[in-house]
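A quick write-up on the structure given underneath.
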Amino acid sequence: TYTDLRFTTRDGITLLSYWVRSDYTSATATVTIKIDSIPATNGAVIFMYYGNASASAGSSLANTFPDGDEFLTDTSANYSVVGGSISYDSVNKRLNLVGVNNANQVVAPTSQTPPGGYIIEMSGSIVTRGGSVDLHFGILGFQDTIADTNSGYVCQFGNFSSSEKVGIEKFTVSHLDQDVIAYDEGTLYNIYGKFVSGALVATWNNSVSSVSADATFTSGYYGFRSYNANGVIDWWFRRKYTANEPVVGTPETEESNNWL
């Protein structure tokens, strides 16, 4: 379970916060490491330590990102809900969103500071499809406040006129872009939402993306939306948008310094 991992700065002493994503296998894992700064020219040097069988787990989403949740405990009281309901799955450590009988269900962290351009990633699934030909589940970027559920943008996946797609929607106004996918109920997928004016992106399962150049988005609060579907969230996090986006490295290779 990668509990033996530790990362330090180049001095080999100063520990760095990191998070191991929950979809690891016995062979590979995706790890995000928090680094204070990266020089523009020479990059940053960090060290990875492993092999101490008695080491306790050091992975922490909360210490690695400005905001997020991996639902290791019941944090459902920290969320505001409009439409439908939420509950905590203590066995699988997930948040359940029950909104199949509600046209729109909006869930958002109650305490948050509206950022500027930002990225939100989550691992989630649609577990029950509603009777409508349109049903969606995804990440919502509010244009104004949490209470205003009629403004903002959604990076989501689901059924659009009965076709399975990933897409970007100007909330309750129009669908800006859609791309065909194929998903299964109950399967966790990684959903990526880029909320930057003029450069909105929704990516499903690290493979299919929808994009929009809509420039009316500025900044606002963030949360999640379930439309005619019940869903679950395994984890989510927010991070700052940077012009040079970090990439997932290739196992057993040395990566170039183009991350941030």
Side-chain angles (χ1 to χ4, degrees), residues 1 19-30 32 61 68-72 76 79 81 83-107 119-141 153-169 171 175-194 200-212 222-237 248 251:
T1 58
W19 176 60
V20 180
R21 220 164 61 179
S22 61
D23 57 351
Y24 59 79
T25 68
S26 60
T28 63
T30 300
T32 303
L61 183 149
D69 203 335
E70 52 186 329
F71 304 106
L72 298 179
S76 58
Y79 293 83
V81 183
S85 62
I86 60 174
S87 64
Y88 179 63
D89 180 348
S90 60
V91 175
N92 296 302
K93 309 296 184 184
R94 297 171 182 170
L95 188 69
N96 298 318
L97 280 69
V98 181
V100 72
N101 295 319
N102 294 274
N104 274 311
Q105 181 193 26
V106 174
V107 177
I119 306 293
I120 290 184
E121 296 187 43
M122 80 167 181
S123 173
S125 70
I126 292 174
V127 295
T128 307
R129 307 186 193 203
S132 173
V133 295
D134 290 318
L135 59 101
H136 323 127
F137 181 60
I139 305 164
L140 174 60
Y153 297 79
V154 193
C155 297
Q156 59 194 357
F157 77 100
N159 289 56
F160 300 79
S161 299
S162 300
S163 297
E164 298 180 355
K165 297 178 180 179
V166 60
I168 300 173
E169 178 185 352
F171 199 27
H175 293 281
L176 302 177
D177 189 41
Q178 301 172 357
D179 291 271
V180 176
I181 61 171
Y183 73 92
D184 296 317
E185 291 181 36
T187 298
L188 291 171
Y189 297 104
N190 294 329
I191 311 302
Y192 167 103
K194 175 183 173 184
L200 298 163
V201 178
T203 301
W204 173 83
N205 213 35
N206 305 317
S207 59
V208 181
S209 294
S210 293
V211 298
S212 172
Y222 46 88
F224 310 94
R225 180 212 195 183
S226 177
Y227 178 84
N228 284 329
N230 292 339
V232 300
I233 302 175
D234 188 43
W235 52 258
W236 69 272
F237 64 78
V248 177

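Under the 6.0 Å cut-off for aromatic ring centres, Y183 and W204 do not qualify, their centroids lying 6.0 Å or more apart.
Among all heavy-atom pairs drawn from E164 and A182, the shortest one is OE1-CA, 3.2 Å. Between L97 and S226, the shortest heavy-atom contact is CD2-CB, 4.4 Å. Here the shortest heavy-atom pairing between R94 and Y88 reads O-CD1, 3.5 Å. The two residues S209 and D179 come nearest to each other via the heavy atoms O-OD2, 3.0 Å. S210 and I168 make their closest contact through O-CD1, 3.4 Å (heavy atoms, listed as atom of the first residue, atom of the second, distance).
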Assess whether side-chain contact (heavy atoms from CB on, under 4.5 Å) is satisfied between I139 and Y222, documenting all intermediate values. CA-CA 8 Å; I139 305 164; Y222 46 88; 5.8 Å; no
Under the ring pair (Phe, Tyr, Trp, His ring centres under 6.0 Å) criterion, do W236 and F224 qualify, and how do the steps go? CA-CA 10 Å; W236 69 272; F224 310 94; 5.4 Å; yes
Could you give me the CA-CA distance, side-chain angles and deciding distance for F237 and R21, then say whether side-chain contact (heavy atoms from CB on, under 4.5 Å) is met? CA-CA 11 Å; F237 64 78; R21 220 164 61 179; 5.5 Å; no
Between S125 and L188, does a side-chain contact (heavy atoms from CB on, under 4.5 Å) hold up when you go through it step by step? CA-CA 5 Å; S125 70; L188 291 171; 4.1 Å; yes
Evaluation steps, side-chain contact (heavy atoms from CB on, under 4.5 Å), between D23 and N190: CA-CA 10 Å; D23 57 351; N190 294 329; 3.9 Å; yes
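Every side chain to side chain contact (heavy atoms under 4.5 Å, CB included) that S22 has, sequence neighbours left out, goes to D234, W235. V211 is linked by a side chain to side chain contact (heavy atoms under 4.5 Å, CB included) to D177, V201, counting only residues two or more places apart in sequence or in another chain.
Without hydrogens or angle criteria, Q105 side chain to S85 main chain gives a donor-acceptor distance under 3.5 Å. For Y189 (side chain) and I126 (main-chain N/O), no donor-acceptor pair under 3.5 Å exists by modelled atom type. Judged purely by atom type and a 3.5 angstrom limit, T203 has no side-chain atom pairing as donor or acceptor with the backbone of N206. Looking at T25, its side chain does come within 3.5 Å of a backbone N or O of A27 through a donor-acceptor pair. A distance-only check finds a donor-acceptor pair linking the side chain of D134 to the backbone of S161 [under 3.5 Å].
A donor-acceptor contact closer than 3.5 angstrom is absent between the side chains of Y227 and N159.
Here the side chains of V208 and F157 are not in contact, with every heavy-atom distance at 4.5 Å or above. Side-chain contact check for N92 versus V232: every heavy-atom pair is 4.5 Å or farther apart. Using a 4.5 Å cut-off on side-chain heavy atoms (C-beta onward), H136 and H175 make contact.
With rounding to the nearest 0.5 Å, the separation of OH in Y24 from OG1 in T30 is 12.5 Å. For the atom pair CG of L135 and CZ of F160, the computed distance is 8.5 Å after rounding to the nearest 0.5 Å. The CG atom of L140 sits 9.5 Å away from the SG atom of C155 when rounded to the nearest 0.5 Å. Taking CG of L61 as the reference point, atom CH2 of W19 lies at 5.0 Å (rounded to 0.5 Å). Distance OG1/T32 to CD/E121: 7.5 Å, rounded to 0.5 Å. Interatomic distance, CG of D89 versus CD1 of I233, reported as 12.5 Å (0.5 Å rounding).
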